[in-house]
Q: 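Have a look at the structure that comes next, please.
Residue numbering restarts at 1 for every chain, and letters A, B, ... go by the order of the sequence lines.
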Amino acid sequence: QKEVEQDPGPLSVPEGAIVSLNCTYSNSAFQYFMWYRQYSRKGPELLMYTYSSGNKEDGRFTAQVDKSSKYISLFIRDSQPSDSATYLCAMSLNNYQLIWGAGTKLIIKP
Amino acid sequence: SAVISQKPSRDICQRGTSLTIQCQVDSQVTMMFWYRQQPGQSLTLIATANQGSEATYESGFVIDKFPISRPNLTFSTLTVSNMSPEDSSIYLCSVVGSQGGETQYFGPGTRLLVL
């Protein structure tokens, strides 16, 4: 079993829809949770960063962490074609080593 | 966030040769990381490059195959030595962000194809 599980997709939704992206993990000691967005032929770009449990909102993006269920989510409201990308979750203990999901490819159809 | 550039952006190489990838940051950073990203797979950490000391390699990666230099706080190189087709991948450098080591910022990557 991988430490971090993420559905590779692709996930295809119409423009304007609410998108839900998820990761599950096995190590209950993880404290830091991140979402990165990666466009084709580009490096990953940090979207959201959360410490411990709870929600964090930034514009159209909301990150949720449920440590009791070992489950994190990223919600995108009013999705746009420009949101089409691969979304990677990453998490870590209290050090510099990030454990990555495989990434979910998201397609927003105009 | 730091601005990171990588050279080359892509290359096609023959097996048995070596390629050196450069990573340049627009500010001084303590820790730099080198990753490999193969199609459809997670990012895999190759090594952590600290200025003034030898790089720390992750399990499965060795210095003879992936020598790293870190001559100053804004620059690092990764060499992929004696390449085989299995080395075809995207190689990414990253640096620690202002929020601490858990927040990393990435360069655009180097796409390597080995024939």
Q: For the CD1 atom of I99(A) and the OG atom of S42(B), what is their distance to the nearest 0.5 Å?
A: 9.5 Å

Q: For E58(B), does the CD atom sit with more than 12 other heavy atoms under 6.0 Å from it, leaving out its own atoms?
A: yes

Q: Counting only heavy atoms closer than 4.5 Å, note whether P44(A) contacts chain B via side chain, backbone, both or neither.
A: both

Q: What part of L43(B) lies closer than 4.5 angstrom to a heavy atom of chain A: side chain, backbone, both or neither?
A: both

Q: Consider only side-chain heavy atoms of I, L, V, M, F, W and Y, link residues closer than 4.5 Å, and tell whether I4(B) and F75(B) are in one cluster.
A: no

Q: Residue by residue, scan residues 14-24 of chain A and write down, ordered by number, those that have a heavy-atom distance under 4.5 Å to chain B; if none do, write 'none'.
A: none

Q: Following the transitive rule for hydrophobic clusters with a side-chain heavy-atom cut-off under 4.5 Å over Ile, Leu, Val, Met, Phe, Trp and Tyr, establish whether F61(B) and M32(B) coincide in one cluster.
A: no

Q: Is it possible for you to say whether V29(B) and L73(B) belong to one hydrophobic cluster, with membership spreading through side-chain heavy-atom contacts below 4.5 Å?
A: no

Q: Could you report the tightest heavy-atom contact between Q104(B) and L46(A), atom names first, then the distance?
A: O-CB, 4.4 Å

Q: Do any of residues 100-110 of chain A have a heavy atom less than 4.5 Å from a heavy atom of chain B, and if so, which, in residue order?
A: W100(A), G101(A), A102(A)

Q: Rounded to the nearest 0.5 Å, what's the gap from CG on L98(A) to OH on Y35(B)? Could you check?
A: 4.5 Å

Q: Out of curiosity, T86(A) OG1 to Q37(B) CD, how far, rounded to the nearest 0.5 Å?
A: 8.0 Å

Q: Is it true that L45(B) and Y91(B) fall in one hydrophobic cluster, defined by side-chain heavy atoms closer than 4.5 Å?
A: no

Q: What part of E45(A) gets within 4.5 angstrom of chain B, counting heavy atoms only: side chain, backbone, both, or neither?
A: neither

Q: Determine, using the 4.5 Å side-chain heavy-atom cutoff (strictly less than), whether F75(A) and M48(A) are members of one ILVMFWY cluster.
A: no

Q: Near R60(A) CZ, under 6.0 Å, is it more than 12 heavy atoms from other residues, nucleotides or ligands?
A: yes

